[in-house]
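Quick caveat: nothing in here was measured; it's all calculated off a predicted structure. Residue numbering restarts at 1 for every chain, and letters A, B, ... go by the order of the sequence lines. Because only heavy atoms are used, hydrogens play no part in the values below, and waters and symmetry mates are left out as well, while side chains stay in.
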Protein chains: 2
Amino acid sequence: MPYDPAAFPPFAVTVDLVVLTVRRHALCALAVRRGEPPFQGRWALPGGFVRADEDLTAAAARELAEETGLLAHDPAVPAPPNAAHLEQLATYGDPKRDPRMRVVSVAHLALAPDLPAPRPGGDAHSVRWAPVESLLDQDGTFSRDAEQAAPLAFDHARILADGVERARSKIEYSSLATAFCPQEFTVGELRRVYEAVWGVALDPRNFHRKVTGTPGFLVPTGGTTTRQGGRPAQLFRAGGATLLNPPMLRPEV
Amino acid sequence: MPYDPAAFPPFAVTVDLVVLTVRRHALCALAVRRGEPPFQGRWALPGGFVRADEDLTAAAARELAEETGLLAHDPAVPAPPNAAHLEQLATYGDPKRDPRMRVVSVAHLALAPDLPAPRPGGDAHSVRWAPVESLLDQDGTFSRDAEQAAPLAFDHARILADGVERARSKIEYSSLATAFCPQEFTVGELRRVYEAVWGVALDPRNFHRKVTGTPGFLVPTGGTTTRQGGRPAQLFRAGGATLLNPPMLRPEV
DNA sequence: GATCATAGTCGTCTTCCTGACGATAATCAG
DNA sequence: CTGATTATCGTCAGGAAGACGACTATGATC
């Protein structure tokens with residue numbers, strides 16, 4: 001297939017981020033308010049152009065740091081305090097997805113522990129954590145928030161839905177749920193992550209048996225905490241294992 | 001983050017295809033020989049530029065049809081005779097991956113039944129099915145074929161490896177293995193697909209129990225065949241189910 | 001300080017699924 | 001007819017998960 005290498009159609013390439021965290025028992029995503037057309041005033045996923053000499057992953061990590069102060073986490077090294085899991089999600093390139101020009105967006109998925117507050121790269125009104133149901137809900141059924149009723153800009157609702165689905169399925173067969181937890185956490189805290197991401201209630205006893213019985217998933221630190229109330233709970237760190245075999249079973253609805 | 005919409009760096013966007021099939025008990029991928037620099041004479045994955053007003057999936061389907069005559073299969077409708085499964089794999093955008101210019105490649109994965117022969121869009125010397133081990137093998141250990149010893153062009157070895165890994169894991173928890181089979185197939189033929197993709201031997205009795213006992217996986221057509229020799233085997237079509245629950249377990253190692 | 005609510009942790013029992021493997025059935029090649 | 005080959009059914013033991021009872025160790029409240 002002969003071609004003229006100089007005759008390719010030019011595209012803009014962006015990265016968009018689905019940044020998920022668990023706050024107050026709810027799965028939340030980072031959203032930014034658009035300050036300019038198109039979709040001015042609407043909420044969108046954070047993102048931006050890939051620079052001329054920048055790798056896709058590097059661009060996603062840069063955007064993540066700019067929006068949240070989080071560092072992308074290289075799975076090979078022990079997690080630094082402010083680390084988030086970052087992975088490529090999918091690429092969206094419908095010719096009409098951006099009315100201005102032809103834009104191909106390489107979406108990335110980031111999973112972060114609960115942060116004190118979104119560190120505003122700009123003003124605090126333009127960045128927020130929002131429960132994913134309210135962002136995906138087109139009718140405002142879940143949202144009393146008038147300015148939230150509008151759907152996300154561009155095709156970001158679809159991207160967010162894909163990211164949430166990826167996270168939901170990936171915590172089944174990997175230890176990725178620990179990415180939502182602080183460095184040290186209890187079995188109960190990890191269980192509340194699963195419950196929030198899946199939107200189900202899990203039996204605390206069976207969950208405890210499962211996670212403590214899976215080799216390499218959790219390593220005890222020796223400490224205990226009562227920050228959740230009740231009897232003191234053991235503290236754990238994420239073990240080296242990344243794949244859960246057999247997987248954690250998601251209850252069928 | 002204000003920006004000038006006209007000031008984005010221009011990228012070339014391509015689609016590359018990992019087309020897999022099972023031939024003679026081996027997992028094979030479609031490879032094309034490059035006719036021009038860079039990597040002239042080396043084998044590469046089929047692919048090409050995305051057109052100015054073309055969706056990514058449409059571009060992948062077009063390339064697939066050009067190289068193989070296969071149609072991309074919409075899972076919503078019953079499979080036409082010449083259908084292949086097509087899905088997005090991942091996107092590769094290292095700034096140095098193409099020495100000529102900045103190219104972002106959206107790789108797709110296609111799974112096809114065994115075809116009579118690669119329909120040459122060009123001459124037969126430039127397209128072929130090759131066992132994935134020989135394509136991924138950098139040292140020529142598996143390949144006596146001198147012209148095969150060179151690794152794949154660009155980062156295509158990495159892309160192929162990712163595609164193979166996706167296929168290997170996806171047939172665990174989905175009914176996708178049927179995409180490697182003709183419209184009607186026997187349990188034994190399906191088992192040989194699993195064995196070829198995973199590179200393991202499976203117990204025929206347990207496999208038979210598993211696949212026939214999973215609702216929606218297989219529907220009997222009523223016919224039988226002896227094309228594999230031995231006792232006549234029932235013919236099946238792929239059922240509507242896409243997710244296997246519980247999954248097919250891949251033997252460790 | 002006793003009581004209670006709250007969370008964590010350990011056990012038991014039943015059910016289901018899998019892996020290992022014996023046995024039988026139906027074809028084809030000689 | 002005999003043996004090779006593939007398909008299919010059955011049995012049994014071991015492991016994992018769901019359901020749930022019981023007990024433990026805190027802080028909060030009276």
Taking all non-hydrogen atoms of both residues, which atom of [X] and which atom of [Y] are closest, and how far apart?
X	Y	value
B/Ala238	B/Val219	O-CG2, 4.2 Å
A/Cys28	A/Arg23	SG-CG, 3.9 Å
A/Val22	A/Leu27	CG2-CD1, 4.3 Å

*Could you check B/Phe207 against B/Met248 for side-chain contact (heavy atoms from CB on, under 4.5 Å), going step by step and ending with a plain yes or no?*
CA-CA 9 Å; B/Phe207 184 87; B/Met248 183 83 59; 3.9 Å; yes
_Under 3.5 Å donor-acceptor pair, B/Arg231 side-chain atoms to D/dA7 base atoms_ = yes
*Could B/Arg24 and B/Trp129 be counted as a cation-pi pair, given that NZ or CZ must be under 6.0 Å from the ring centre and within 45° of the axis?*
no
*Selection: residues 205-213 of chain B, any non-hydrogen atom under 4.0 Å of DNA chain C*: B/Arg205, B/Asn206, B/Arg209, B/Lys210
Between [X] ([atom1]) and [N] ([atom2]), how many Å, whole number?
X	N	atom1	atom2	result
A/Asp203	C/dC13	CG	C1'	14 Å
A/Leu235	C/dA7	CG	P	17 Å
A/His25	C/dA7	NE2	C1'	12 Å
B/Phe217	C/dC17	CZ	C1'	16 Å
B/Gln228	C/dA25	CD	P	23 Å
B/Met248	C/dC17	CE	C1'	13 Å
B/Asn245	D/dA17	CG	C1'	13 Å
A/Phe236	C/dG8	CZ	P	11 Å

_Heavy atoms only, 4.0 Å cut-off, all strands: where does B/Arg227 land among base, sugar-phosphate and nothing?_
nothing
*Within the structure shown, what part of the strands sits under 4.0 Å from B/Arg191 by heavy-atom distance: base, sugar-phosphate, or nothing?*
sugar-phosphate
Produce the list of close N/O pairs, under 3.5 Å, pairing protein atoms with atoms of nucleotides 28-30 of chain C; give distances to one decimal.
none

*asked:* Working note: B/Glu195 + B/His25, criterion side-chain contact (heavy atoms from CB on, under 4.5 Å); need CA distance, chi angles, decisive distance, verdict.
replied: CA-CA 8 Å; B/Glu195 292 180 332; B/His25 289 209; 5.9 Å; no
_Rounded to the nearest 0.5 Å, what separates atom CG in B/Leu235 from atom OG1 in B/Thr225?_
5.5 Å
*Could you tell me the separation between the NZ atom of B/Lys210 and the CG atom of B/Asp203, rounded to the nearest 0.5 Å?*
14.0 Å
*Verify the distance criterion only: is there a donor paired with an acceptor across the side chains of B/Asp16 and B/Tyr92 at less than 3.5 Å?*
no
*Which comes earlier along DNA chain C counting from the 5' end, the contact point of B/Leu249 or that of A/Thr186, where each point is its nearest nucleotide?*
A/Thr186
